[in-house]
Structure formats: C-alpha cells, structure tokens
Amino acid sequence: MSILTRNTVDRLDRPSAYYISKNKRRKFQDESEPQEEAPDPLANATTLYVGNLSFYTTEEQIHELFSKCGEVKRLVMGLDRYNKTPCGFCFVEYYTHQDALDCLKYVGGTKLDERIIRTDLDPGFEEGRQYGRGKSGGQVRDEYREEYDPGRGGYGRAYADDQRRREEEEYGKGK
C-alpha cells in the first residue's frame, strides 16, 4: 500500500515566475502539432542573481557571505550605467550547480547590511547585464521611491528633486 504525499513547500531550484513569463514563446500553432519542450536553461545553472543589496555593500562582503556555500568563480556587481556606482544587485557565479542551489537555500532571505537579500537562479551572466535598467541607468523603483532609505542612498531621485524645488520656492518667498 503506497501513500501519496504532496509537498507543501516549493522546490528551491524551480525557476522564478518572472523568468518563466519572460521566456514564454507566443506561437499560434495548430493544437494537433506536437510541441517540443525547450531545454531548461536553469537545470544546470551555476549563476545566482542577488537583489535588494544596499548601495554601500562591497564586493568583499558579498564574496565573504557567498563563499560559505561553495567556491565563488566570479562576482559581477550591478552598476549605474553612467556613474559606474553600485545600484543594488549583483551576479555570483559558482563552479557547480549544487553550490548554487545550496546558496539559494541557505543565503537567500538573509540580511546583509541591514537589508534582506533576494537570490534567484540565473541562466548565466552576459556582458552588458551588469547595468541597471532605469532610464538613468539606475533601478526604476529607486527613482520614484518617496521614503527615506539610507541603504539605497537616501530618498528617491524624483522625491529629492521635488523636495529641492519646494525648498527653493520657500527660500524665494522668505526674501
């Protein structure tokens, strides 16, 4: 007699919803045609995307934390395209897939520089991906952030510009 059990916890090596939706192929084929399954690029991935880093986190801090799960092959910091300053993410590449899975399991969700970091398997680093995606080279969410976050460099750009304009108007009225 066998009892079927169902896990209530998702597998850690499962690709993220973002990755799956980004790579869906939109084909309008006849349903009778057999569809080929594309090989999963994350099946043997050795690279991790690390997000929600403080702008002041150094490569040495990241290397020290991530080397606890295995030998780090390469570390690529995410940079602002124009200022070449860190912008809150990086890529960590390991020598083996198992080391990347261990890191995903044990390091993801921990705190580094008072910020809870996010880790996800990545199909591999390619040149040019180290730059932020926002219009100014930074992360889009940071440009429109209104709360003060010292780990992300203070206030968001749009909020800081608005605050500066209000201060200038008040200073002009005070004369």
Side-chain angles (χ1 to χ4, degrees), residues 5-24 38-81 83-134 136-159:
T5 59
R6 196 175 124 228
N7 289 336
T8 58
V9 179
D10 290 334
R11 290 179 32 195
L12 292 173
D13 59 348
R14 180 178 57 96
S16 69
Y18 170 77
Y19 183 79
I20 291 170
S21 67
K22 182 179 149 200
N23 291 313
K24 276 186 182 173
D40 184 13
L42 299 179
N44 293 317
T46 58
T47 306
L48 288 177
Y49 167 85
V50 182
N52 200 33
L53 292 173
S54 167
F55 286 6
Y56 305 109
T57 302
T58 63
E59 288 184 30
E60 290 79 20
Q61 289 172 295
I62 296 168
H63 192 276
E64 182 180 339
L65 176 65
F66 284 84
S67 63
K68 294 183 187 309
C69 294
E71 190 176 351
V72 175
K73 182 178 182 180
R74 180 169 66 158
L75 179 86
V76 181
M77 290 294 289
L79 301 174
D80 181 305
R81 186 176 303 276
N83 299 332
K84 304 296 188 251
T85 56
C87 64
F89 70 95
C90 74
F91 296 95
V92 178
E93 189 174 346
Y94 287 97
Y95 285 98
T96 66
H97 178 65
Q98 189 59 47
D99 288 346
L101 291 178
D102 290 343
C103 185
L104 192 65
K105 182 177 180 181
Y106 298 117
V107 177
T110 60
K111 271 192 171 186
L112 180 62
D113 274 352
E114 299 302 316
R115 300 186 67 83
I116 297 174
I117 59 174
R118 179 179 160 259
T119 58
D120 203 0
L121 282 175
D122 193 81
F125 174 76
E126 297 166 3
E127 194 59 39
R129 287 189 63 202
Q130 73 266 33
Y131 300 115
R133 297 180 299 223
S136 64
Q139 296 296 303
V140 175
R141 279 189 257 166
D142 283 339
E143 293 173 359
Y144 298 104
R145 182 170 31 85
E146 294 184 1
E147 74 281 354
Y148 181 76
D149 188 351
R152 300 295 276 188
Y155 287 105
R157 179 172 294 131
Y159 181 82

I'd like to know whether V92 forms a side chain to side chain contact (heavy atoms under 4.5 Å, CB included) with C103, so could you lay out the CA-CA distance, the side-chain angles of the two residues, the decisive distance to 0.1 Å, and finally the verdict. CA-CA 10 Å; V92 178; C103 185; over 6 Å; no
Side chain to side chain contact (heavy atoms under 4.5 Å, CB included), that's the test. Do C90 and L75 meet it? Break it down for me. CA-CA 7 Å; C90 74; L75 179 86; 4.3 Å; yes
Do I62 and M77 pass the side chain to side chain contact (heavy atoms under 4.5 Å, CB included) test, and can you show the C-alpha distance, the side-chain angles, and the key distance before you say yes or no? CA-CA 10 Å; I62 296 168; M77 290 294 289; 3.5 Å; yes
Can you list the steps and then say if C69 with V107 is a side chain to side chain contact (heavy atoms under 4.5 Å, CB included)? CA-CA 8 Å; C69 294; V107 177; 3.5 Å; yes
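Among N52, T110, T57, the one residue that satisfies the side-chain hydrogen bond (donor to acceptor under 3.5 Å, both in side chains) test with R115 is N52.
In terms of heavy atoms, L121 sits closest to A100 at CD2-CB, 4.2 Å. Listed here is the closest heavy atom pair of Y49 and D122: N-CB, 4.0 Å.
Looking at residues two or more places apart in sequence or on another chain, you find no salt bridge (Lys or Arg N to Asp or Glu O under 4.0 Å) involving D99. In terms of the side chain to side chain contact (heavy atoms under 4.5 Å, CB included) criterion, K68 has no residue partners (sequence neighbours excluded).
Rounded to the nearest 0.5 Å, atoms CG (L65) and OH (Y106) are 14.5 Å apart. In this structure, the separation between CD on E93 and CG on L48 is 10.0 Å, given to the nearest 0.5 Å. Rounded to the nearest 0.5 Å, atoms CG (L112) and CD1 (I117) are 5.5 Å apart. Note: K105 NZ to Q98 CD = 8.5 Å, rounded to the nearest 0.5 Å. In this structure, the separation between CZ on F55 and CG on D113 is 12.5 Å, given to the nearest 0.5 Å.
Judged purely by atom type and a 3.5 angstrom limit, Y94 uses its side chain to pair as donor or acceptor with the backbone of F66. A distance-only check finds a donor-acceptor pair linking the side chain of Q61 to the backbone of T58 [under 3.5 Å]. Within the 3.5 Å criterion, the main-chain N or O of A45 finds a donor-acceptor partner in the side chain of H97.
Using a 4.5 Å heavy-atom threshold, the side chains of V72 and R74 count as separate.
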